[in-house]
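In what follows, chains are A, B, ... by sequence order, proteins preceding strands, each numbered from 1. All values below were derived from every heavy atom in this structure, side-chain atoms included, with hydrogens, water molecules and symmetry-related copies excluded.
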2 protein chains.
Amino acid sequence: MGVSIKEIARLTGVSRGTVDRALNDRAGIDPAVKEKVLKVATEQGYRSNKAGRILGLRKKPLRIGVQMPSEGNDFFLGVRAGLERAVAARADFGVSMALRTMKGFDPTLQVRQVRDLLAEGIQALALVPISHPDILALLEELHERHLPVLTVNTDIVGGKRLGYVGTDYLSSGLAAGGVLRLLADGRPLRVLVLTGSFRMLGHNQRVEGFRRALESSAPGLSILGVEETEDDDGIAYGKLSAALDRTPAPEAVYVAAGGVAGACRAIEEHGVAGIGPGRVRIIGNDLTPAIRDYLERGVLTATIGQQPFEQGYQAIRLLFDHHVDGTLPPDRTLTHNEIVIAENLKGGTP
Amino acid sequence: MGVSIKEIARLTGVSRGTVDRALNDRAGIDPAVKEKVLKVATEQGYRSNKAGRILGLRKKPLRIGVQMPSEGNDFFLGVRAGLERAVAARADFGVSMALRTMKGFDPTLQVRQVRDLLAEGIQALALVPISHPDILALLEELHERHLPVLTVNTDIVGGKRLGYVGTDYLSSGLAAGGVLRLLADGRPLRVLVLTGSFRMLGHNQRVEGFRRALESSAPGLSILGVEETEDDDGIAYGKLSAALDRTPAPEAVYVAAGGVAGACRAIEEHGVAGIGPGRVRIIGNDLTPAIRDYLERGVLTATIGQQPFEQGYQAIRLLFDHHVDGTLPPDRTLTHNEIVIAENLKGGTP
DNA sequence: CTGAAAGCGCTTACAG
DNA sequence: CTGAAAGCGCTTACAG
C-alpha cells in the first residue's frame, strides 16, 4: 500500500512524533517544520492508515451518545437495532454507545438528556432533534465545542450538524401516491389523507409529495381532505370512522404519519377492509409489529418503509469514520422509500 | 474491554507466541500446554481483538477473487459497484480484489478463470456459479484446499460453499404476484408469464412464487401461459408481440427473468403501454438503465429489485470477517425484494 | 515444542 | 518545539 508515517519521518528527517503533530494539526510544532512535513506527505501521497489509527486510538475509545424521543414509538425499535448492530461490529475498535430515550417531544427534557450524555464524556452524538429554538441553541453550543453531531430520522432547519441520516419525506409521499396510482389502475378514486400535524415539516412534506404524485400521473385521484391525527391511533380511528360514515365516503386513505393502526381498525370495524370495489384501500408508513399484522391480514394495502435499521446503522458508521479519519459524512444520507406489501414482508435485510 | 493475549500468556505462564499457537490451531504445540491455554482463555472469556488482528495480518493482506458471468448483463454493474465499495472501505485493512468476468455461461471458461485467480494467489473467492458438474467439482476441490467460497446472486445445488449471498427467488416471484394483485384491485386479469429458461432453478422458483401469490390471494388472476425468452430481449419481444395479437390477449405480463426491455418494447409498439383498461401492465425484474427508462416513461409498471449493490457489498464483508475472525457467514444471506415503481426510483441507497 | 524479538501503522505521555 | 520510547493486540519469522 501507500507510505507510512515512518517513511515520511525518514524522508523529512524528523521523528514520527513530529510527523504526527504536523499531519494531525496538533499544537507545539514549528510552522516551518510542519510545512516541510506536509509537503513531503503530499508528494508521497500519504494517507493515514485506518487500521493503525484504530489501534493507536484504543487508549481513548469512542463513546457515542444517542438521544431520541422514541419511547412508545415502535418505529425506533428498528433504529435502535441498527445502532446496536453497528456498535457491536465496531466494539473491537473501541466503539460504545450511551443511549437516552424519552416519551414525547419536550425540548427541555431533550436538552437535559443530551447534557447528561455530555457529562458522561461522549465524543459524538446522534440525535433525533425536536424542532425548537432550545435545540438549535444546543446544536450551536455543541458545534463550538467541536462535538460532531448527526441528526437522525428528522432533520432540523438551520441546525448546525455534521450531517443528516434519514428519510426523504417528499419522496416518501411520492411513493405512497405511486402505489395508489397503481391501485386505481386508471379509475377515479376519492382519497382521504390523514397527517400527523400541520406543524411538522416532515408530515407536510409527505403530503406534498403525495399531492405531486397524484397531480403528475394520476389526475383521476382526488383528495377529499387532509386531517390531523396528532400521531394518535385513537384520533385516527375517530376521524376516519366519521369520514367513512359521511357521503361521499373515501375509497382510499393515505396515512402520512402516526395513526396507521387506528385507521386500519376503523376500516376493519366498518367492514370495508381489503381491496376491490366497495373496499377502502389504505396506504400507511413504517413497519411496526402492529402494522405488519394489518398487512398480513389484508387490512392495510401497503406501507412505505423508511429503513429504520439502516438509519441507525449508518449513523454509527458515519460518526465512527469521522472519528478515525476525519471523513466528513454527506450532508444528507437518505434511506430508500420501500414499498412493502403482504407479499414482500418476509426476507431480506431488516 | 476484554483480556488480551498478553494477559492470557501471563496467567498461563507461557509466551504470547504459544498462546497464539493454541488459540489459532497452529502446528507445533504440546497438546497439554494447548489445553491449559485454552482453559484459561475460556475462563477469561477471551475473544480475539479484530483491530489487533487486522494490523498483525497486514504482512499477508487478503486478496479476494471474484468471478462472474456478467458481461453484457447490466444487473451485475450494481453487484460490481457493491464489491468495489466494500473493498475500498477495507483497503486500509489490506483487502484487495481480483475480478474476472465473462460473457455467457460456459462452465469450462468459468473453471479456467477461477484457476487464473488461484494462480494469482487469491485467498477467498466470490463466485456466481454456473449450474454444472464441472463447477461442483471445482467447489469440491476448493473446499479441500480450504479456500473459502461464497456464492453470489445464484446458488448451486449441492455445491460446497461457505455461504450464499443473493436473492430469494421464490419471494421475488411472490412480490411480483403481490403487485399484480394490487393492480387488479379485485378484478380478473389474464396474465402471461415470460421466464428465462425452464432449466434455470431460479427462474422456475420465481414463477412458482408468482403462482403461489395468485393462488393464495388473487384467484381472479389467471395465467394464460408461461413462455421462455432465453433471457433474450429479441425473443421476449417476438413472443410477447405474438401473444398480444392472439385472442384472448394478455392484460398483464410478468417477466420473471431476462427480456424485460424486449417485452416493454413489444407493449409500446402495440400501443398498449400504461395502466388502466385496454392497457397491458407489466412487471419486470431488476433495475438496469434500460429498465429504469421504461419505468420512468410509464411503460413498465413495476420491477422487483434484488439489491445488487448489497449483494456485492455483503459478499466482501462476509469474506473479510471470515478471514479475520473465522466468523462463519450465514448459510444464506438474502437481499430484500424491492418493489420499484416510477415514484420511488430516486433516492435511497443503491 | 517454546520463547524472545520485531513488526504492522499509528498515538501518547515523557524527557529534554 | 522535538525526539526517543512505549504501547495498542495481534502475527510472524528466528533461535534454541
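Map B:Gly56 and B:Arg21 each onto its nearest nucleotide of DNA chain D; the residue landing nearer the 5' end is B:Gly56.
We find that A:Arg317 and A:Asp321 are joined by a salt bridge, their nearest charged nitrogen and carboxylate oxygen being less than 4.0 Å apart. A salt bridge does not link A:Glu35 to A:Lys39: none of the charged nitrogens lies less than 4.0 Å from a carboxylate oxygen. Using a cutoff of 4.0 Å between basic side-chain nitrogens and carboxylate oxygens, A:Arg161 and A:Asp331 are scored as salt-bridged.
Within 4.0 Å (heavy atoms only), A:Phe93 reaches no atom of the nucleic acid at all. Residue B:Lys50 is out of contact with every strand shown, counting any heavy-atom pair closer than 4.0 Å. Using a 4.0 Å heavy-atom distance criterion, B:Asp20 is classed as a base contact.
Using a 30° and 60° split on the angle between ring planes, A:Phe320 and A:His323 fall in the tilted class, from 30° to 60°.
Contact between the side-chain N/O atoms of A:Lys6 and the OP1/OP2 oxygens of C:dC10 is not found at any separation under 4.0 Å. OP1 or OP2 of D:dT12 lies within a sub-4.0 Å distance of a side-chain N or O belonging to B:Arg26.
Within a 6.0 Å radius of CZ in A:Arg26, other residues, nucleotides and ligands contribute more than 12 heavy atoms. B:His143 NE2: 12 or fewer foreign heavy atoms inside a 6.0 Å radius.
Base pairing in DNA chain D yields stems of at least 3 consecutive Watson-Crick or G-U pairs, both distances under 3.5 Å, namely C:1-3 with D:14-16, C:5-12 with D:5-12, C:14-16 with D:1-3.
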